[in-house]
2 protein chains.
Amino acid sequence: MSRGDLSREANGLEPRLSRASVGRLSLYLRCLESYAREGSATVSSGQLGDVLGVTDAQVRKDLACLGNLGQPGIGYPTAELIAAIRGALGIDRDWAVALVGVGNLARALLRYRGFAQQGFRIVALFDVDPAKVGQRLDGLTISGVDQMPAVIAATGAELGLLTVPMEAAQQVADALVAAGIRGILNFAPAVLRLPSHVSLVSVDLAVQLEQLAFLVQVSGNYSGPEPTTR
Amino acid sequence: MSRGDLSREANGLEPRLSRASVGRLSLYLRCLESYAREGSATVSSGQLGDVLGVTDAQVRKDLACLGNLGQPGIGYPTAELIAAIRGALGIDRDWAVALVGVGNLARALLRYRGFAQQGFRIVALFDVDPAKVGQRLDGLTISGVDQMPAVIAATGAELGLLTVPMEAAQQVADALVAAGIRGILNFAPAVLRLPSHVSLVSVDLAVQLEQLAFLVQVSGNYSGPEPTTR
DNA sequence: GGATGTGAACGACTTCACAGCG
DNA sequence: CGCTGTGAAGTCGTTCACATCC
């Protein structure tokens, strides 16, 4: 089922970055940006690893995919490493994002500083509720789902954020796909079926809470062995 | 074979469920609840697997940890499987949850039906902003962080939802730990350090969007074959 | 000395294949 | 026959250990 790798360099023979690494790269990036603000010119794999609880070897393996920019005895040059990670993740440019389903979660995402900081710009709002269509929010006018193809073409949105109730999720996702979106970040507690050329990341909030309940339960039943990160 | 075959029921240490399985169990659960609503008395591993894109063998392996409740030639009894999964995940009871940081995201979580449906009850609200303290929201009064120990003891909250800005995250997390919380679901884009007896699950929304950008980018560079779930 | 890059060992998770039961 | 349960094989990801370079 799930595939999807391949390096972006011209030479196709680098060690491709695994799905697991990609998640960590985002975290390294945050960490590096923090180091950069403090003025560190270089950072070592040990420093990065300590902060988010992975081994130094793991960090080096993850970073190896970016080309050899570490300097033995010194570490990695902070600024260049940031640039390399952004390039590898595909966030060395801006992404225009459409948001569908204007509820509380949408409002939270709209104002989430982290998105804009990383180059994600919400350029369009949609809702199925006719009462909401036409309202303005943070400088954007809410459109109906029927206007999706036109608005998405006009704004150049490539990614979609889905914050609608479960029942509407598949239908709205289909509309996004039809309108030419290339990837969907889904917050609805539903398993979506999408054509293979559209990428999907799902975040199910109830699932996360259930994971937490499980961890708490087992750490209580038995003398809990491991802490837990991420 | 002849003797010594002690029952696998009573002993708590069955083939332990792997971290990876736990995430899928939540998804099976959703799927099963949907089947149950439609009136299916039994479900096969193939049916479950198809819906969320894993193999039937994988489903059986995951379900094996719950004891042998599958019937060859038939499948799994829906209702019993639901009960078994809820028991394994530790959601066969209610969990009292405290929410810290009453912004838009908190409002969204407060009204998220999925939580209540799975037995998670938000019983306390906290905020550092003195202007918010004392306000009421959905029948709850917002308390200050200084009241945390008293309120958490009084309400019996065991889990904490952290929806504060990055800067405040570690400090508030420490306060939750000091107040006796047993697990934290963190939405702040920060890496938290917690004592090992407190469980942690982190959801970083920007990281999720970055993952999506990566997937879209690689699927665009090359003829990206498969979609991606989870 | 300090830190990187990497093959090799290790462990975790997934798929395969098939015995066995309803 | 259909479907479960499970050892065996295979794949993927992490950790170790060490040669290498500044």
Side-chain angles (χ1 to χ4, degrees), chain A residues 1-7 13-25 27-28 32 35 40-78 80-81 84-85 225-226 228-230, chain B residues 1 5 7-9 14-25 27-28 32 35 40-78 80-81 84-85 226 228-230:
Chain A
M1 252 335 207
S2 59
R3 288 262 41 189
D5 42 351
L6 202 73
S7 55
L13 270 150
E14 303 222 343
R16 315 144 312 197
L17 20 143
S18 79
R19 188 71 183 278
S21 302
V22 177
R24 282 191 301 266
L25 284 182
L27 297 172
Y28 298 149
L32 284 163
Y35 275 119
S40 308
T42 65
V43 181
S44 73
S45 57
Q47 286 171 10
L48 278 176
D50 284 349
V51 174
L52 44 95
V54 300
T55 66
D56 54 344
Q58 178 74 78
V59 175
R60 289 197 298 276
K61 272 267 155 74
D62 289 338
L63 264 36
C65 304
L66 309 176
N68 297 14
L69 34 83
Q71 289 173 281
I74 312 282
Y76 298 83
T78 313
E80 291 171 39
L81 186 52
I85 293 180
E226 290 299 318
T228 40
T229 5
R230 220 255 150 226
Chain B
M1 304 23 181
D5 182 294
S7 84
R8 53 272 260 19
E9 304 296 296
E14 306 232 342
R16 271 212 35 206
L17 22 144
S18 78
R19 189 70 183 277
S21 301
V22 177
R24 283 191 301 265
L25 283 181
L27 297 173
Y28 298 150
L32 284 163
Y35 275 119
S40 309
T42 66
V43 181
S44 74
S45 56
Q47 285 170 9
L48 279 176
D50 285 348
V51 173
L52 44 96
V54 300
T55 65
D56 54 343
Q58 178 74 77
V59 175
R60 289 198 297 277
K61 272 265 155 74
D62 289 337
L63 264 35
C65 304
L66 310 176
N68 297 15
L69 34 82
Q71 289 173 282
I74 313 281
Y76 298 83
T78 312
E80 290 171 40
L81 186 51
I85 292 180
E226 287 300 317
T228 39
T229 8
R230 219 255 149 212

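Just so it is clear, the structure is predicted and the values come from calculations on it, not from any experiment. So that the names make sense, note that chain A is the first sequence line, chain B the second, and so on, each numbered from 1.
For the pair B:Leu81 and B:Tyr35, the minimum side-chain heavy-atom distance is 4.5 Å or more. The closest side-chain heavy-atom distance from B:Leu63 to B:Leu25 is below 4.5 Å. Residues A:Asp62 and A:Gln58 form a side-chain contact, since some pair of their non-hydrogen atoms from C-beta on lies under 4.5 Å apart. The side-chain heavy atoms of B:Tyr28 and B:Leu52, taken from C-beta on, include a pair separated by under 4.5 Å.
Every salt bridge (Lys or Arg N to Asp or Glu O under 4.0 Å) that B:Asp56 has, sequence neighbours left out, goes to B:Arg60.
Taking atom CZ on B:Arg19 and atom P on C:dC13, their separation rounds to 10 Å, with Å as the unit. The CG atom of B:Leu52 sits 12 Å away from the P atom of C:dT14 (whole-angstrom rounding). In this structure, B:Asp62 atom CG and C:dT15 atom C1' are separated by 13 Å, rounded to whole Å. One can place CD of B:Gln58 at 16 Å from P of D:dT11, the figure rounded to the nearest angstrom.
Residue A:Thr55 places at least one side-chain N or O under 4.0 Å from the OP1 or OP2 atom of D:dT15.
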Heteroatom pairs (N/O) under 3.5 angstrom, protein to nucleotides 1-6 of chain C:
| from | atom 1 | to | atom 2 | distance (Å) |
| --- | --- | --- | --- | --- |
| C:dG2 | N2 | A:Gly73 | N | 3.3 |
| C:dA3 | O4' | A:Gly73 | N | 3.1 |
| C:dT4 | OP1 | A:Ser45 | N | 2.7 |
| C:dT4 | OP1 | A:Ser45 | OG | 3.4 |
| C:dT4 | OP2 | A:Ser45 | OG | 2.6 |
| C:dG5 | OP1 | A:Gly70 | N | 3.3 |
| C:dG5 | OP2 | A:Tyr76 | OH | 2.6 |
| C:dG5 | N7 | A:Arg60 | NE | 2.8 |
| C:dG5 | O6 | A:Arg60 | NH2 | 3.1 |

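Contact between B:Leu17 and B:Cys65 at its shortest, heavy atoms only, is CD2-CB, 3.6 Å.
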